[in-house]
Amino acid sequence: PQRPPVLTDGGVYLVTGGLGGIGLELAGNLARSVQARLILTGRTPFPPAETWDQWQETHGEQDPISGKIREIRALEQAGAVVRVSGADISDYGQM
């Protein structure tokens, strides 16, 4: 299927609220369709990527953060490069 011409293969996309349901759905679409480089932001602090394995081992499958880590890793498996950043969209300095 044709994709909109405004999306660029390997383009960089900032998804605010990127760890919420809609944000992750949008990120998944971008990962699958254009192997995007994604910056997912949210106001809630998120553990650094280098601690994700340990987080999942100590918090278990049912933990909400563990679930988001699995979803982010699925985005990477789909071809995306993902960075997670804590930021409040209403704070100019953080954006």
Side-chain angles (χ1 to χ4, degrees):
Q2 292 282 340
R3 66 177 176 260
V6 295
L7 298 177
T8 303
D9 288 334
V12 177
Y13 298 91
L14 171 66
V15 182
T16 60
L19 295 175
I22 294 172
L24 283 169
E25 188 67 31
L26 174 62
N29 185 296
L30 291 167
R32 290 184 300 277
S33 63
V34 294
Q35 292 71 50
R37 293 179 288 165
L38 300 167
I39 304 165
L40 307 179
T41 67
R43 290 180 291 179
T44 305
F46 200 77
E50 60 271 9
T51 67
W52 289 356
D53 289 334
Q54 180 183 8
W55 182 279
Q56 289 183 300
E57 289 172 12
T58 58
H59 291 81
E61 292 283 320
Q62 300 303 316
D63 178 72
I65 299 294
S66 292
K68 291 181 189 301
I69 291 169
R70 285 191 302 276
E71 292 190 60
I72 293 167
R73 288 182 166 161
L75 295 173
E76 293 171 336
Q77 288 292 319
V81 175
V82 182
R83 297 292 177 260
V84 179
S85 179
D88 184 344
I89 192 169
S90 68
D91 184 322
Y92 181 80
Q94 290 181 11
M95 294 315 302

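Hydrogens, waters and symmetry mates play no part in the numbers below; they use all other heavy atoms, side chains included.
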Kindly work out whether a path of hydrophobic side-chain contacts (I/L/V/M/F/W/Y, heavy atoms less than 4.5 Å apart) joins Val34 to Ile39.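 No, because Val34 and Ile39 fall into different hydrophobic clusters, even though each may have its own neighbours under 4.5 Å.
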With sequence neighbours excluded, what pairs up with [X] under the side chain to side chain contact (heavy atoms under 4.5 Å, CB included) test?
| X | result |
| --- | --- |
| Gln35 | none |
| Arg37 | Val12, Val81 |
| Ala27 | Leu38, Leu40, Leu75 |

For Arg73, salt bridge (charged side-chain N to carboxylate O under 4.0 Å, His left out) partners two or more places apart: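 Only Asp53 meet the salt bridge (charged side-chain N to carboxylate O under 4.0 Å, His left out) criterion with Arg73.
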Set of salt bridge (charged side-chain N to carboxylate O under 4.0 Å, His left out) partners for Asp91, sequence neighbours left out: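 If we apply the salt bridge (charged side-chain N to carboxylate O under 4.0 Å, His left out) test to Asp91, skipping adjacent residues, there are no hits.
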Flag if over 12 foreign heavy atoms under 6.0 Å of CD, Gln94: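 Yes, enclosed.
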Can you confirm whether Leu14 is buried at CG, in the sense that more than 12 heavy atoms of other residues, nucleotides or ligands lie under 6.0 Å from that atom?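 Enclosed: over 12 neighbouring heavy atoms sit under 6.0 Å from CG of Leu14.
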With sequence neighbours excluded, what pairs up with Ser90 under the side-chain hydrogen bond (donor to acceptor under 3.5 Å, both in side chains) test?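 Once residues adjacent in sequence are excluded, the partners of Ser90 under the side-chain hydrogen bond (donor to acceptor under 3.5 Å, both in side chains) criterion are Asp88.
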Would you mind writing out the side-chain donor-acceptor pairs for residues 64-71 within the sub-3.5 Å range, not counting sequence neighbours?
unit_1, atom_1, unit_2, atom_2, d
Ser66, OG, Gly60, O, 3.0
Lys68, NZ, Leu19, O, 2.5
Arg70, NH1, Glu61, O, 3.4
Arg70, NH1, Glu61, OE1, 3.4
Arg70, NH2, Glu61, O, 3.2

Please report the closest heavy-atom contact between Tyr13 and Val6, naming both atoms and the distance.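 Minimum heavy-atom contact is OH-O, 4.0 Å.
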Search all heavy atoms of Leu7 against all heavy atoms of Ser33 and return the closest pair with its distance.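 Nearest heavy atoms, Leu7 then Ser33: CD1-OG, 4.3 Å.
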Spacing of Arg32 atom CZ and Gln77 atom CD [to the nearest 0.5 Å]: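 Rounded to the nearest 0.5 Å, the CZ-CD separation comes out at 13.5 Å.
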Tell me which pairs pass ring-ring contact (aromatic ring centres under 6.0 Å, His included) where either residue lies in residues 76-95, with sequence neighbours left out.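 Pairs touching residues 76-95 that pass the test: none.
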Tell me, which pairs form a side-chain hydrogen bond (donor to acceptor under 3.5 Å, both in side chains) where one or both residues lie in residues 41-52, sequence neighbours left out?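 Sorted pair list comes back empty.
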Connected hydrophobic set around Ile22, excluding itself, where side chains approach under 4.5 Å: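 When side chains under 4.5 Å apart are linked, Ile22 ends up in no cluster with other residues.
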